[in-house]
2 protein chains.
Amino acid sequence: MQSPTALAALYRSHGRKVTPQRQLLFQLMHENDQHPTAEALFAEASAQMPGISLRTVYQTLNELAEMGELQFIDIGGGPTRFDPNLDDHHHVVCSDCGHIRDVQVSGAAALHPSGAEDFVINEVGVVFQGVCSSCEKSRAKAGKSPLNKTFTHVYQN
Amino acid sequence: MQSPTALAALYRSHGRKVTPQRQLLFQLMHENDQHPTAEALFAEASAQMPGISLRTVYQTLNELAEMGELQFIDIGGGPTRFDPNLDDHHHVVCSDCGHIRDVQVSGAAALHPSGAEDFVINEVGVVFQGVCSSCEKSRAKAGKSPLNKTFTHVYQN
DNA sequence: GATCTAATTTGCAATTTGTGCTAACAAGAA
DNA sequence: TTCTTGTTAGCACAAATTGCAAATTAGATC
Ligand SMILES: [Mn+2]
Ligand SMILES: [Mn+2]
Ligand SMILES: [Zn+2]
Ligand SMILES: [Zn+2]
């Protein structure tokens, strides 16, 4: 996603208005590597702008996605996560706490599917399932089995 | 997922009962490569067993997942899809119609993330975005741009 | 700066997908 | 056949997101 200033210009060039709500969300999303949910963003935004509505958060995120400035990430059945990182990258998900981390995956672009010769492929996404270090620690302490099921959904494969 | 007969035995060995509803769902899911939604399965099941409840469909699918007999697939924000294919495989999604196709991806198991050295990785999933041949045809006929946005969500990356 | 208009924000209703709960029911053991 | 315990169905509820319309405001125009 571009800088808040660049986005303001982009918005105006699209006949969209640059409101305080949008500017705040531009800031909150810019270089945000947390893959936040709409609710999480709403909470952050509300702290700085009491009264902003969740509806506006969703609306702005949808616009940004429409304009190609961010991506929606749907993994594991929870709420949609939003990703302003437009670089070619992939994700690791902690199956325990749900945290998503950006990762590089060398060789990902070279992957090819066998059995879909009739498809025109546009993109590849790689998702690793794992357990983050902090969850690994608490798991050891609790004497849990290596793969608990806080998350009912088994992520994609 | 195992055969309906094997599942019946497995269920009994777990102290679970083998009901007509479950047997029907075993049949409908066995070797089903459609990655159906719960609603889709419910529709098919209802045709053969009027009165079966959607609740029971969800319940049975959850059980099967718990027993490791099927996977949940969450892509693109729509409803969860269910996958009885336990082989190591990956998916291609048509960004136009949403169809999911099983594919093999040689080299997928060898992929490694850079930037998540503190994670214990358990699984890798590869998802290709593309347009299936039938959508490609209708797209050509309609003179549409190569990537329309019937699906707001940009799938993972 | 005042005026005007179209875009935006809000709040709330509605929708979609899935789960919690429980009374009625039925599998399968005895 | 009886009995116990797991299961089903149905409905209420929850979570996430969108539809809608009245009130507001950005920014163009005068
Ligand atoms: Mn990312
Ligand atoms: Mn599959
Ligand atoms: Zn974690
Ligand atoms: Zn298609």
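Values reported hereafter were calculated over all heavy atoms of this structure, with side chains retained and with hydrogens, waters and symmetry mates removed. Just so you know, these numbers come straight off a predicted model, no measurement behind them. We name chains A, B, ... by the order of the sequence lines, and we start the count at 1 in each one.
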How many whole angstroms separate atom CG of Asn62(A) from atom P of dA7(C)? 18 Å
Partners passing side chain to side chain donor-acceptor pair (under 3.5 Å) against Thr60(B) (at least two apart in sequence or in another chain): none
Between Arg12(B) and Leu54(B), who's closer to the 5' end of DNA chain C by nearest nucleotide? Leu54(B)
Integer-rounded Å distance: dA26(D) C1' and His14(A) NE2: 18 Å
Distance in angstrom units between Leu61(A) CG and dT9(C) P, rounded: 12 Å
Check: Asp33(A)/Asn85(A) side-chain N/O donor and acceptor closer than 3.5 Å: no
Under 4.0 Å from OP1 or OP2 of dT18(D): is there any side-chain N or O of Arg55(A) that close? no
Do any side-chain nitrogens or oxygens of Thr80(A) fall under 4.0 Å of OP1 or OP2 in dT17(D)? yes
For DNA chain C, whose closest nucleotide is more 5', that of Thr37(B) or that of Pro20(B)? Thr37(B)
Whole Å only: how far is the CG atom of Leu41(B) from the P atom of dT17(C)? 14 Å
Among Gln71(A), His91(A), Arg81(A), find the residue that satisfies the side-chain hydrogen bond (donor to acceptor under 3.5 Å, both in side chains) test when tested with His35(A). His91(A)
Using 0.5 Å steps for rounding, measure from the CG atom of Asp118(B) to the OG atom of Ser134(A). 9.0 Å
Check: protein-nucleotides 1-7 of chain D nitrogen or oxygen pairs below 3.5 Å:
from	atom 1	to	atom 2	distance (Å)
dT5(D)	O2	Lys17(B)	NZ	2.8
dT7(D)	OP1	Lys17(B)	N	3.1
dT7(D)	OP1	Arg22(B)	NH1	2.3
dT7(D)	OP1	Arg22(B)	NH2	3.0

Member of Asn32(A), Val57(A), Leu70(A) meeting the side chain to side chain contact (heavy atoms under 4.5 Å, CB included) criterion with Phe82(A): Leu70(A)
Applying side chain to side chain contact (heavy atoms under 4.5 Å, CB included) between Val127(B) and each of Val103(B), Ile100(B), Val92(B), Ile75(B), report the one that passes. Ile75(B)
Respond yes when some side-chain nitrogen or oxygen of Tyr58(A) is under 4.0 Å from OP1 or OP2 of dT18(D), and no when none is. no
Counting heavy atoms not belonging to His99(A), are there more than 12 under 6.0 Å from its NE2? no
Once you round it to whole Å, what is the distance between P of dT17(D) and CD1 of Ile73(A)? 13 Å
Could you tell me how far apart Arg81(A) (CZ) and dT17(D) (P) are, to the nearest whole angstrom? 11 Å
In this structure, how many angstroms lie between the C1' atom of dT9(C) and the CG atom of Leu25(A), rounded? 12 Å
note: Met49(A), atom CE; dT25(D), atom C1'; distance rounded to Å ~ 13 Å
